[in-house]
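Proteins get letters first, then strands, A, B, ... in listed order; numbering begins at 1 in each.
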There are 2 protein chains.
Amino acid sequence: MSAIEKLNDYVKNSGLKISSQRNHILKIMESEHIHRTVEEIYDIVKKSNPEIGIATVYRTVKLLCDAGIAKEIHMSHDVTRYEIVSDNSHHDHLICQNCGKFVEIESDIIEKEQSKIAAKNDFELKDHCHILYGICGDCRKKNKKK
Amino acid sequence: MSAIEKLNDYVKNSGLKISSQRNHILKIMESEHIHRTVEEIYDIVKKSNPEIGIATVYRTVKLLCDAGIAKEIHMSHDVTRYEIVSDNSHHDHLICQNCGKFVEIESDIIEKEQSKIAAKNDFELKDHCHILYGICGDCRKKNKKK
DNA sequence: TTACCTGCAAACAGTTTGCAGGCCG
DNA sequence: CGGCCTGCAAACTGTTTGCAGGTAA
């Protein structure tokens with residue numbers, strides 16, 4: 001099921017309404033597999049729809065999260081980004097503290113271990129946040145040169 | 001080396017100064033192994049020192065982080081807490097989304113796997129954030145009753 | 001005595017909310 | 001047509017900063 005379909009579903013089931021702005025914002029978040037901040041989304045939407053207010057972006061992003069279509073990620077310690085969740089794959093992140101470059105990572109071993117830990121402590125696992133911070137190869141080279 | 005000693009060291013080496021407020025705040029953060037928010041620390045300090053301003057707490061907490069004595073944790077998606085780091089043990093967290101209860105967890109398997117992933121992507125690992133969110137046994141029981 | 005430190009209040013950034021009008025269904 | 005949605009601006013929250021006076025070294 002595509003994200004737009006999911007949105008339509010959710011909107012119907014909740015007695016909400018579809019709007020061009022909502023579709024528009026979702027489309028932007030889907031295009032390119034990039035994690036954006038609200039500010040960034042706002043800037044892009046504004047290009048084709050200068051009327052839009054940032055409040056609408058905030059409201060829509062939150063709605064998408066409620067609908068399970070998007071997800072919040074705290075990339076660095078004070079930047080909130082959003083990504084569209086795909087049905088089949090879960091991933092975590094490895095981020096360069098210097099240049100912000102990031103890699104999406106997956107690890108069955110870690111996922112399994114997480115489940116074990118949750119079970120051992122009698123927790124029903126709902127979600128997790130796993131971000132590795134480091135310095136990428138490029139940045140290490142650049143810093144040496146200086 | 002105790003946290004207070006570490007603070008003294010750091011302060012001397014950086015040309016800073018010790019103050020009763022700084023010691024006071026550190027003492028509170030050390031007492032009980034709890035992760036507190038700035039607001040909570042502020043409330044506690046105020047009891048014995050009503051004069052103190054919250055800005056001082058923010059400044060001190062930041063200083064302690066710079067000194068490597070404390071560490072920021074983003075417990076839930078918009079609450080920042082701080083914990084005193086102990087020299088010997090690293091741990092991550094498992095948090096109940098319902099009641100806020102948390103368990104500190106350690107896993108060699110995950111730590112090793114993280115290093116591997118970082119190495120594979122040519123990152124020099126500096127830090128990581130690993131938090132599991134779930135519902136604890138008590139809360140699951142309570143919810144059933146309702 | 002010289003920085004540094006503190007409390008206060010003002011400034012800020014990110015996010016939320018109330019309102020009056022617009023639009024979907 | 002009713003209720004949700006939007007843009008705008010004002011409100012709010014968590015955090016930072018500038019300033020004038022206080023204090024450690």
Next on the checklist: Reading DNA chain D from 5' onward, which residue's closest nucleotide shows up sooner: A:Leu63 or A:Tyr42?
Outcome noted: A:Leu63

Next on the checklist: Just verifying a value: how many Å separate A:Leu64 CG and A:Ile84 CD1, rounded to the nearest 0.5 Å?
Outcome noted: 6.0 Å

Checklist entry - Do A:Lys116 and A:Glu113 sit within salt-bridge range, that is, some charged N less than 4.0 Å from a carboxylate O? => result yes

Checklist entry - Between B:Lys46 (NZ) and C:dG7 (P), how many Å, whole number? => result 12 Å

Checklist entry - Atom CG of B:Leu63 and atom OG of B:Ser14: how far apart are they, to the nearest 0.5 Å? => result 7.5 Å

Item to check | Stepwise side chain to side chain contact (heavy atoms under 4.5 Å, CB included) test for A:Phe123 and B:Leu132 | outcome: CA-CA 10 Å; A:Phe123 270 64; B:Leu132 309 184; over 6 Å; no

Checklist entry - Taking DNA chain D as the partner, which of residues 11-24 of chain B come within under 4.0 angstrom of it by heavy atom? => result B:Lys17, B:Ile18

Checklist entry - Taking CG from B:Asn8 and P from C:dC4, how many angstroms apart are they, rounded to a whole number? => result 18 Å

Item to check | Electrostatic pair B:Glu40:B:Arg81 at N-O distance under 4.0 angstrom | outcome: yes

Next on the checklist: Apply side-chain hydrogen bond (donor to acceptor under 3.5 Å, both in side chains) to residues B:His90 and B:Glu104 and explain how you reach the verdict.
Outcome noted: CA-CA 9 Å; B:His90 166 79; B:Glu104 299 185 344; over 6 Å; no

Checklist outcome for this item: Quick tally for nucleotides 12-18 of chain C: nucleotides whose base has a protein heavy atom under 4.0 Å get B, sugar-phosphate-only ones S, the rest -, giving --SBBBB

Next on the checklist: Can you confirm whether more than 12 heavy atoms, excluding those of B:Lys46, are under 6.0 Å from its NZ atom?
Outcome noted: yes

Item to check | Under-4.0 Å side-chain N/O to phosphate OP1/OP2 contact, A:Thr56 with D:dG7 | outcome: yes

Item to check | From CA spacing to verdict: side-chain hydrogen bond (donor to acceptor under 3.5 Å, both in side chains), B:Glu111, B:His130 | outcome: CA-CA 10 Å; B:Glu111 301 285 325; B:His130 196 184; over 6 Å; no

Item to check | Axis deviation across the helix from C:dT1-D:dA25 to C:dG25-D:dC1, five-pair ends, to the nearest 10° | outcome: 30°

Checklist entry - What is the distance, rounded to the nearest whole Å, between atom CD of B:Glu51 and atom P of D:dG22? => result 13 Å

Checklist entry - Nearest-Å distance, NE2 (A:His74) to C1' (D:dG14)? => result 14 Å

Item to check | B:Tyr42 to B:Gly53 - nearest heavy-atom pair and separation | outcome: CE1-C, 3.7 Å

Item to check | Atom pair distance, as rounded to whole Å: CG in B:Leu7 and C1' in C:dC5 | outcome: 13 Å

Checklist outcome for this item: Whole-Å distance, B:Glu40 CD to D:dT15 P, equals 12 Å

Item to check | Whole angstrom value for the distance that separates C1' of D:dG22 from CG of B:Asn49 | outcome: 14 Å

Next on the checklist: Please tell me whether A:His128 and B:His93 form a close aromatic pair, meaning their ring centres lie under 6.0 Å apart.
Outcome noted: no

Checklist entry - Only one of B:Val45, B:Ile44, B:Asp43 clears side chain to side chain contact (heavy atoms under 4.5 Å, CB included) with B:Ile41; which? => result B:Val45

